[in-house]
Number of protein chains: 2
Amino acid sequence: MPDTRSQIVEAADKLFYERGYEHTSFADIAAVVGLSRGNFYYHFKTKDDILEAVIDLRKSRTQVLLEGWAEQAHTPIERLDRFIGMMVMNSPKIRRHGCPVGTLCTELAKLEHPALPNAGMLFTLFRQWLAAQFTQLGFGGKADGLAMQLLARSQGIATMANAFDDEEFIRQETEQLRVWLRALAPTGQPN
Amino acid sequence: MPDTRSQIVEAADKLFYERGYEHTSFADIAAVVGLSRGNFYYHFKTKDDILEAVIDLRKSRTQVLLEGWAEQAHTPIERLDRFIGMMVMNSPKIRRHGCPVGTLCTELAKLEHPALPNAGMLFTLFRQWLAAQFTQLGFGGKADGLAMQLLARSQGIATMANAFDDEEFIRQETEQLRVWLRALAPTGQPN
DNA sequence: GTCTATACCCAGATAGAC
DNA sequence: GTCTATCTGGGTATAGAC
C-alpha cells in the first residue's frame, strides 16, 4: 500500500503524459488519487514541485530499465534491439500520446520552463547508454553521434505516429531502424 | 496596411508557435495587435476559431512555399534539397521552438483537440509534395514511404535540437540527410 | 494527514455604449 | 469596428477546523 505522496506522483506522471503538464490541473490529479484539493498542498507546495518529482521518478525508472536491458541482453546489438523493441511494445500509447520524454521536453520548451534541462536528462540517460553500446561495437568517437541519431529517429517516428494516429507506421519504421543497425554493424563490428 | 483580422491571425500564428496554443491567451494576442480584449470577439467567436484560421493560414503559406520550390529547382533532388535547406535556414527558431507543424500536432493530440486532423494536413501537404519528388525519381510504390521517412527524420532532428537547445545538431543531421538522399538516388535514379 | 471553505487571479466569453 | 464593464468558470494557492 503506497503512501499518498507516491500515489500523487504516480497519478501526475500518467496525466502529464496523457494530457500534458499545463493541461493537467491539481483537481485532475486529486480526483485520481481520491484526495481533496486542499490536502494536496500538504504534500506539494507548487505544481512545479510535482513536475520535479515526476521527472525524478522517470529518471530512476529509466535507470532501472536500462540496467535491466544490460543484464538481459548480452551483446551490444541485442541491447540496441531492446531500445527499438521498447517503441514497438509501447506503440499503442505512443500513437495516442507520443513519446513521454519528447513531448514533455517539447512542452517545457514552449513554456520556457526551468525544468527543461532536468527533463532533458531523461534523453541524456538514453543517449549515454546507447553511446556505450556503440562504443562496445568499436565506433569510438562516432558512438555519441550514432546514439543521438538513433534517438532522433525514434523521436521522429513517435511524432509522426502520434500526428497521424498510425500505429502501423511504428512497426514499419522500427523495422527500418533494425535494418539500418545491421547495415551499420553487420558482424557486430564497425566497418 | 493589413486589416485587423489578418493582424490577429498573424499574431496568433507567431504566438502559438512560440508559446504553444493553450499557453497563449486572448490578452497576449490582443496586446500584440494593440486591441482591447472586448473587441476581439467581433472578429473571432472562440479560441478554436482562431486556431482554425491559423492552420488555414499555414496551409496556404505551405502551398506557396512548395510551389516556389518546384519553380526554382528543376530536378527532384534539388527540390528535396530545398526541403532540407529549410530546416537549416530556420535552425535558430527550430532550436528555440521546435518544428511549427510537429509541435502543434503534438500539443493538439494531448488536448484531444478536434483540430488535430486539420493540423495534420500541414504534414500531408509536405508528404504529398515529397512523395511526388520521389515518384519522379522513379521510386514508384516506395515514394510515399520515403516521403514519410524524410518527414519523420526531420521531426526527430527538430525535437532533439529543441530539447538540447542545440543548433549545431541540425546542421550535422541535415548533412546526413543529404548523404542519405544521394546514397538513395546516386544518379537521380533508383537502384 | 485530511478535510472544508475560501481567497485570488486570470482565462474565455458577453453586453452594450460610443 | 472599437471600446469599457462585466459575467462566469477554473486554476493555483492558503487558512484553519478536525
Side-chain angles (χ1 to χ4, degrees), chain A residues 1-57 103-104 107-108 110-116 118-119, chain B residues 1-57 103-104 107-108 110-116 118-119:
Chain A
M1 182 178 270
D3 60 12
T4 304
R5 192 194 149 94
S6 299
Q7 284 180 281
I8 290 174
V9 179
E10 206 71 47
D13 177 38
K14 187 165 183 283
L15 289 172
F16 288 173
Y17 174 42
E18 292 174 355
R19 306 183 187 180
Y21 171 65
E22 201 175 23
H23 194 55
T24 301
S25 72
F26 279 19
D28 293 333
I29 304 171
V32 169
V33 182
L35 218 63
S36 76
R37 267 168 301 158
N39 186 23
F40 219 94
Y41 292 82
Y42 173 79
H43 300 280
F44 290 98
K45 296 261 183 291
T46 71
K47 198 178 177 184
D48 288 358
D49 290 343
I50 304 178
L51 177 60
E52 291 294 338
V54 166
I55 294 173
D56 288 345
L57 173 70
T103 56
L104 180 62
E107 181 177 6
L108 296 182
K110 297 267 185 213
L111 304 181
E112 300 193 61
H113 197 288
L116 174 58
N118 197 14
Chain B
M1 179 177 274
D3 60 14
T4 304
R5 191 194 150 94
S6 300
Q7 283 180 281
I8 291 175
V9 179
E10 206 71 46
D13 177 39
K14 187 166 182 283
L15 289 172
F16 288 174
Y17 175 40
E18 291 174 356
R19 306 184 189 179
Y21 171 64
E22 201 174 25
H23 193 56
T24 301
S25 71
F26 279 20
D28 293 334
I29 304 171
V32 170
V33 181
L35 219 63
S36 74
R37 265 167 301 161
N39 187 21
F40 219 96
Y41 291 83
Y42 173 80
H43 301 280
F44 290 98
K45 297 263 185 287
T46 70
K47 198 178 176 184
D48 289 357
D49 290 344
I50 304 178
L51 178 60
E52 291 293 339
V54 166
I55 294 174
D56 288 346
L57 173 70
T103 56
L104 179 61
E107 181 177 4
L108 296 183
K110 297 266 187 215
L111 304 182
E112 300 194 61
H113 196 289
L116 175 58
N118 198 13

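So you know, we letter chains A, B, ... as the sequences are listed, proteins then strands, and number each from 1. Since this is a predicted model, take the numbers as computed values, not measurements.
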**OP:** Using modelled atom types only, decide if a donor and an acceptor are shared between the side chain of Glu52(B) and the backbone of Ala115(B) within a distance under 3.5 Å.
**Re:** no

**OP:** Output yes when at least one side-chain N/O atom of Thr4(A) is less than 4.0 Å from OP1 or OP2 of dT2(C), else no.
**Re:** yes

Original post:
Is the Lys NZ or Arg CZ of Lys47(A) less than 6.0 Å from the centre of Tyr21(A)'s six-membered ring, within 45° of the axis?
Top reply: yes

**OP:** Quickly work out the His43(B) NE2 to dA13(C) P distance and round it to whole Å.
**Re:** 16 Å

**OP:** Verify the ring-centre separation between Phe16(A) and His23(A): is it less than 6.0 angstrom?
**Re:** no

**OP:** Please report the C-alpha distance between Asn39(B) and Ser36(B) in whole Å, then the side-chain angles of each, then the deciding distance to 0.1 Å, and finally whether the side-chain hydrogen bond (donor to acceptor under 3.5 Å, both in side chains) criterion is met.
**Re:** CA-CA 6 Å; Asn39(B) 187 21; Ser36(B) 74; 5.3 Å; no

Subject >> Distance in angstrom units between Arg37(B) CZ and dT4(D) P, rounded >> reply: 10 Å

**OP:** For the side chain of Tyr42(A), starting at C-beta, report the closest nucleotide among dT2(D), dT12(D), dT2(C).
**Re:** dT2(C)

**OP:** Considering non-hydrogen atoms only, spot the tightest contact between Lys110(B) and Gly20(A) and give its length.
**Re:** CD-N, 3.7 Å

Original post:
In whole angstrom, what separates Phe40(B)'s CZ from dG1(D)'s C1'?
Top reply: 14 Å

Original post:
Of all the nucleotides listed (dG1(D), dA13(C), dA13(D)), which has the minimum atom distance to the side chain of Tyr41(A)?
Top reply: dA13(D)

Original post:
Is there a donor-acceptor contact under 3.5 Å linking the side chains of His43(B) and Asp49(B)?
Top reply: no

Original post:
Quick one: Lys45(A) NZ to dT12(D) P, roughly how many Å, whole number?
Top reply: 17 Å

**OP:** Looking only at side-chain atoms of Ser36(A), point me to the closest of dT2(C), dT4(C), dT12(D).
**Re:** dT4(C)

**OP:** May I ask you to say whether Glu10(B) pairs ionically with Lys14(B), meaning some side-chain N is under 4.0 Å from a carboxylate O?
**Re:** no

Subject >> Positions of residues 11-30 of chain B (non-hydrogen atom under 4.0 Å from DNA chain C), listed by number >> reply: Thr24(B), Ser25(B), Phe26(B)

Original post:
OP1 or OP2 of dC3(D) sitting under 4.0 Å from any side-chain N/O of Asn39(B)?
Top reply: yes

**OP:** Report the distance from atom CZ of Phe44(A) to atom C1' of dG1(C), rounded to the nearest whole Å.
**Re:** 14 Å

**OP:** Starting from P on dG1(C), measure out to CD on Gln7(A) and report it in whole angstrom.
**Re:** 13 Å

